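By convention here, the first residue in the shown sequence is residue 1. What you are looking at is a predicted structure, and each value in this text was computed from that prediction instead of being measured.
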Amino acid sequence: MRAKPSSMTRRLIVGLTVATMLFWIAAVAAGALVMRGEFDEVFDSALQQTSDRLMPLLVEDLMSQTSDGGPRQTLASSAGSESYLTYQLRDQSGQVLVHSHDAPAEPFDVPLQAGYFTTPNHRVLTTESVSGSLFLQVADPLFHRREAMAETAAALFLPLVPLVPLSVLAIWWIVRRTLAPLDRFREAISTRDGGNLAPVALAGLPAELRDMESSVDRLLDRLRAALESEREFAANSAHELRTPIAGALAQTQRLVRELSEGPVKTRAREVEASLANLSRLTEKLLQMARADSGIGMSDVEADLVPIIKLVVEEFQRMRAYVGRLQFDAPKGLSMMRRIDVDAFGIVLRNLIENALFHGAEETPVIVALSEAGVITVANGGQVIPAEQLTDLVKRFRRGRTGAAGSGLGLAIAISFVKTMDGTIEFRSPATGRVDGFEVAIRLPSASDTRASPIGDRP
């Protein structure tokens with residue numbers, strides 16, 4: 001089964017939204033990296049300033065005090081307060097001489113030399129004084145840097161939450177408004193077919209679609225001229241051929257009656273059969289020309305049930321089809337439709353003729369009308385494969401049969417049903433049977449919406 005193609009609008013909305021989000025995330029990530037570097041500079045500057053202020057104070061305090069053999073701890077500035085920075089004053093041997101109240105008594109695990117060092121949990125700045133005999137190490141817990149970085153990243157990423165749906169809505173609105181002329185152009189082209197080749201002529205198209213509209217209109221003009229020429233040629237040729245063919249057929253039939261049995265009469269009968277086939281082909285060409293001209297609808301409602309009965313009775317009176325045709329319809333049923341009765345009669349005649357020609361002679365052809373207004377013509381015979389069914393509806397295509405025919409009957413029926421805004425369906429085997437072929441027609445009533453015909457318009 002062929003997958004349904006995705007719409008350009010959806011692809012644009014999804015693509016633009018994803019691209020916007022990716023650009024936003026990339027910008028936030030880049031901003032976060034820049035902010036991280038800035039934060040490191042700020043915190044390192046705070047370490048430097050703290051170290052510059054503490055060093056002279058601690059050295060002066062150390063020189064004025066008498067050592068008792070162990071490191072001294074400075075008092076907390078206030079009870080219960082938390083210090084972001086801790087420090088240790090060490091001598092050149094690495095021994096801790098003074099440390100802050102919340103710093104460990106053990107030396108920091110960093111080299112005893114000037115510079116910045118990073119441990120798993122701290123950022124430490126080491127400065128020296130007194131000709132390299134004293135070293136002050138100020139430590140900043142990395143937790144504070146990470147917390148600041150996390151809060152900044154969250155502040156940058158949080159706008160994505162409302163931005164995603166708002167971006168989708170904004171992009172959807174912009175794309176729909178931008179592509180609205182393209183949708184109108186597409187809808188206008190989709191209504192053009194063999195029965196409607198009028199120029200597109202849409203107002204308000206953007207410049208990008210103007211040249212395309214002009215090209216489509218020129219193509220429609222050329223196609224309309226070609227189709228009209230073809231239809232006119234077929235109709236005129238068929239019409240001009242009817243009279244001479246009918247005359248030749250009449251003369252041949254008279255000749256057949258006058259000749260005695262023998263080879264000459266046999267050849268005359270073959271000529272008669274060929275002329276009869278040519279006469280039927282001419283009639284089919286005229287019908288096809290009428291179907292292509294768009295005849296099918298009518299401004300006045302008519303009951304189609306009497307038309308069906310009349311056509312069925314016409315075939316039932318023919319000697320070749322006596323007992324082979326049946327009509328089945330509920331009593332008192334009417335079928336009021338705005339359909340041209342002549343066009344409907346042509347459709348029904350072609351379907352019945354096709355069923356009688358190609359159906360099994362021992363199985364009757366059944367023309368049925370349901371209460372739902374569905375007209376079916378079913379005949380017996382071998383089951384037609386699905387791939388051959390689609391081929392039968394083409395012009396001049398015939399199935400595997402030895403019966404005479406032009407291969408135009410089903411194509412004529414399809415063309416007329418399309419102009420009637422109806423649907424036509426082919427089934428094999430026939431409904432409720434294991435063999436045979438069936439055609440079902442549904443014609444819309446006046447209140448129905450436009451139907452979707454089955455088959456390709458030639």
Side-chain angles (χ1 to χ4, degrees), residues 233-290 308-327 342 345-367 377-384 388 391-392 394-413 428 430 435-439:
F233 174 77
N236 291 339
S237 299
H239 180 73
E240 293 297 329
L241 287 173
R242 291 179 70 182
T243 301
I245 291 176
L249 179 60
Q251 292 295 332
T252 304
Q253 290 173 341
R254 181 177 178 180
L255 180 62
V256 168
R257 287 194 298 269
E258 293 175 352
L259 290 173
S260 58
E261 293 296 333
V264 176
K265 187 170 185 177
T266 301
R267 287 196 298 271
R269 285 173 176 168
E270 292 175 353
V271 173
E272 178 188 9
S274 298
L275 289 173
N277 291 334
L278 184 57
S279 177
R280 285 194 295 269
L281 177 59
T282 303
E283 185 64 29
K284 295 299 181 184
L285 291 175
L286 280 173
Q287 293 177 1
M288 181 62 73
R290 293 189 63 186
I308 300 174
K309 292 180 178 179
L310 180 64
V311 174
V312 171
E313 291 173 358
E314 178 183 336
F315 278 96
Q316 288 175 336
R317 287 194 296 267
M318 297 180 182
R319 287 188 301 173
Y321 305 131
V322 172
R324 290 195 56 198
L325 187 60
Q326 299 178 5
F327 178 56
D342 290 336
I346 292 174
V347 172
L348 200 58
R349 285 188 183 91
N350 277 280
L351 294 180
I352 295 176
E353 188 179 70
N354 183 79
L356 291 171
F357 276 6
H358 306 295
E361 295 185 2
E362 64 276 9
T363 305
V365 174
I366 300 176
V367 180
V377 179
N379 60 268
Q382 296 180 352
V383 175
I384 303 175
Q388 292 185 18
D391 196 52
L392 284 178
K394 299 177 181 178
R395 298 184 181 188
F396 299 102
R397 296 294 180 89
R398 303 177 65 240
R400 299 176 180 176
T401 176
S406 61
L408 288 174
L410 295 181
I412 291 171
S428 184
D435 65 347
F437 176 75
E438 180 181 74
V439 182

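Shown here are the salt bridge (Lys or Arg N to Asp or Glu O under 4.0 Å) partners of K309, two or more places apart in sequence or in another chain: there are none. Looking at residues two or more places apart in sequence or on another chain, you find no salt bridge (Lys or Arg N to Asp or Glu O under 4.0 Å) involving E361.
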Practice problem: Tell me, with the steps shown, if I352 and Y321 meet side-chain contact (heavy atoms from CB on, under 4.5 Å). | Solution: CA-CA 11 Å; I352 295 176; Y321 305 131; over 6 Å; no
Practice problem: With side-chain contact (heavy atoms from CB on, under 4.5 Å) as the test, would you mind laying out the steps for R324 and F315 before giving the verdict? | Solution: CA-CA 9 Å; R324 290 195 56 198; F315 278 96; over 6 Å; no
Exercise. Show the numbers, then the answer: is there a side-chain contact (heavy atoms from CB on, under 4.5 Å) between N379 and L356?
Key: CA-CA 7 Å; N379 60 268; L356 291 171; over 6 Å; no
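The shortest heavy-atom contact between V311 and R349 is CG1-CG, 3.7 Å. What you find for I308 and V367 is that their closest heavy atoms are CG2-CG1, 4.1 Å. Considering every non-hydrogen atom in both L259 and A268, the closest pair reads CD1-CB, 4.1 Å. Contact between A360 and G381 at its shortest, heavy atoms only, is CB-N, 3.9 Å. Smallest separation of non-hydrogen atoms from A355 and V365: CB-CG1, 3.6 Å.
Taking CG from L348 and CD from E353, the interatomic distance works out to 11.5 Å, rounded to the nearest 0.5 Å. With values rounded to the nearest 0.5 angstrom, L410 atom CG is found 7.5 Å from H358 atom NE2. We find the CD-CE distance between Q316 and M318 to be 11.0 Å, quoted to the nearest 0.5 Å.
At distances below 3.5 Å, at least one donor-acceptor pair connects side-chain atoms of N350 with backbone N or O atoms of I346. Although no hydrogens or angles enter the test, the distance criterion places a donor-acceptor pair under 3.5 Å between the side chain of S428 and the main chain of I384. Judged by distance alone, the side chain of Q253 and the main-chain N or O of E272 form no donor-acceptor pair under 3.5 Å.
The closest side-chain heavy-atom distance from I366 to V377 is not below 4.5 Å.
A salt bridge is defined here as a Lys NZ or Arg NE, NH1 or NH2 lying under 4.0 Å from an Asp or Glu carboxylate O, and K265 with E261 meets this definition.
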